Amino acid sequence: MDQPRVLVITGSPSDLPKVEPCEKMLKEMGIAGKVVVASAHRSPSKVREAVKKAEEDGVEVIIAAAGMSAHLPGVVASQTNLPVIGVPLDGGLLGGVDALFSIVQMPSGIPVAAVAVNGATNAAILAARILALKYHEVAERLDKYRQSLESGS
Ligand code: RP5
């Protein structure tokens, strides 16, 4: 069966606990989310390989999370036409504002959709909203999720 797929790429093993809510929400939405650790600065060739493999595997949205000087989402977006959602992570002296500005301030031509600092859950929901345009089951799960927010459950 044609399953919706997302690549979650993050800059360091130290980011993984902050990325977990994203994995959880993707699962709730019935989306396959593969997590890869690769740094735009320390392992750029691994980033390139992960993006290429994602395209080959039929991934339709990429979520890229990083802290500090967070170039990862922008670098990923420079290598693909897939929509990229950037998640700024806190850590370091500037508490995530550094990562937020790094992700949001993309030059014209290479967009990255940004969520809040540590907004991993919203990144997954935004990915689900994109995939819901094609996958009816994801749209149904999103409806159910919004209803659960309204009813407070
Ligand atoms: C960024 O630098 C990573 O995304 C991480 O948030 C931050 C610190 O990385 P480590 O020094 O903990 O590996 O590239």
Side-chain angles (χ1 to χ4, degrees), residues 1-40 46-47 49-68 70-91 95-106 110-153:
M1 202 187 84
D2 197 14
Q3 201 195 358
R5 285 174 204 286
V6 166
L7 168 68
V8 181
I9 184 165
T10 194
S12 165
S14 68
D15 295 333
L16 287 172
K18 294 168 197 165
V19 168
E20 258 170 39
C22 175
E23 295 176 68
K24 195 166 161 251
M25 183 54 74
L26 288 173
K27 207 166 167 202
E28 192 174 331
M29 293 295 151
I31 296 166
K34 183 180 165 191
V35 181
V36 170
V37 176
S39 162
K46 193 173 174 195
V47 172
E49 277 159 30
V51 172
K52 194 166 166 264
K53 176 96 175 47
E55 289 183 334
E56 287 165 4
D57 290 349
V59 162
E60 289 167 293
V61 181
I62 297 178
I63 294 172
M68 299 177 77
H71 296 130
L72 183 62
V75 166
V76 168
S78 75
Q79 297 171 20
T80 181
N81 290 331
L82 293 174
V84 177
I85 302 168
V87 187
L89 300 177
D90 65 2
V97 174
D98 41 4
L100 175 65
F101 285 170
S102 301
I103 290 174
V104 160
Q105 290 294 89
M106 285 298 292
I110 306 292
V112 167
V115 294
V117 175
N118 292 341
T121 299
N122 261 2
I125 295 169
L126 183 53
R129 286 180 172 215
I130 295 168
L131 292 165
L133 294 168
K134 175 175 170 189
Y135 298 92
H136 185 62
E137 325 79 69
V138 177
E140 280 175 356
R141 289 187 191 225
L142 278 168
D143 283 343
K144 241 169 111 182
Y145 177 73
R146 277 190 305 110
Q147 281 157 17
S148 77
L149 292 180
E150 184 144 15
S151 64
S153 62

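Everything numeric here is computed off the predicted structure, so don't read it as measured data.
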If you take all heavy atoms of [X] and [Y], which pair is closest and at what distance?
X: Val75; Y: Ala40; value: CG2-CB, 4.1 Å
X: Arg5; Y: Gly58; value: CB-O, 4.0 Å
X: Leu72; Y: Ala66; value: CB-CB, 4.1 Å
X: Ala77; Y: Val112; value: CB-CG2, 3.8 Å
X: Ile63; Y: Ala127; value: CD1-CB, 4.0 Å
X: Asn118; Y: Leu89; value: OD1-CA, 3.5 Å

From [atom1] ([X]) to [atom2] ([Y]), nearest 0.5 Å:
X: Glu137; Y: Glu140; atom1: CD; atom2: CD; result: 7.5 Å
X: Ser148; Y: Asp143; atom1: OG; atom2: CG; result: 11.0 Å
X: Asn81; Y: Glu55; atom1: CG; atom2: CD; result: 7.5 Å
X: Ser12; Y: Lys18; atom1: OG; atom2: NZ; result: 9.0 Å

Checklist line | Identified side-chain contact (heavy atoms from CB on, under 4.5 Å) counterpart of Val61 within the set Ile85, Val84, Leu82 | finding: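 The side-chain contact (heavy atoms from CB on, under 4.5 Å) with Val61 is passed solely by Ile85 among Ile85, Val84, Leu82.
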Can you find a pair of side-chain heavy atoms, one from [X] and one from [Y], that are under 4.5 Å apart?
X: Glu60; Y: Leu131; result: yes
X: Leu26; Y: Val8; result: yes
X: Leu16; Y: Val35; result: yes
X: Val117; Y: Val97; result: no
X: Ile31; Y: Arg141; result: no

Notebook entry, point to check: Backbone N or O of His71 within a donor-acceptor pair of the Ser102 side chain at under 3.5 Å?
Noted result: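 The answer is no, because no donor-acceptor pair under 3.5 Å joins these two groups.
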Check: Are Glu150 and Arg146 within salt-bridge range, i.e. N to O under 4.0 Å?
Finding: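 Salt bridge: no.
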Item checked: Working for side chain to side chain contact (heavy atoms under 4.5 Å, CB included), residues Lys53 and Leu7 -> CA-CA 10 Å; Lys53 176 96 175 47; Leu7 168 68; over 6 Å; no
Next item on the list: Show your working on side chain to side chain contact (heavy atoms under 4.5 Å, CB included) between Glu23 and Glu20 and close with a plain yes or no.
Entry: CA-CA 5 Å; Glu23 295 176 68; Glu20 258 170 39; 3.9 Å; yes
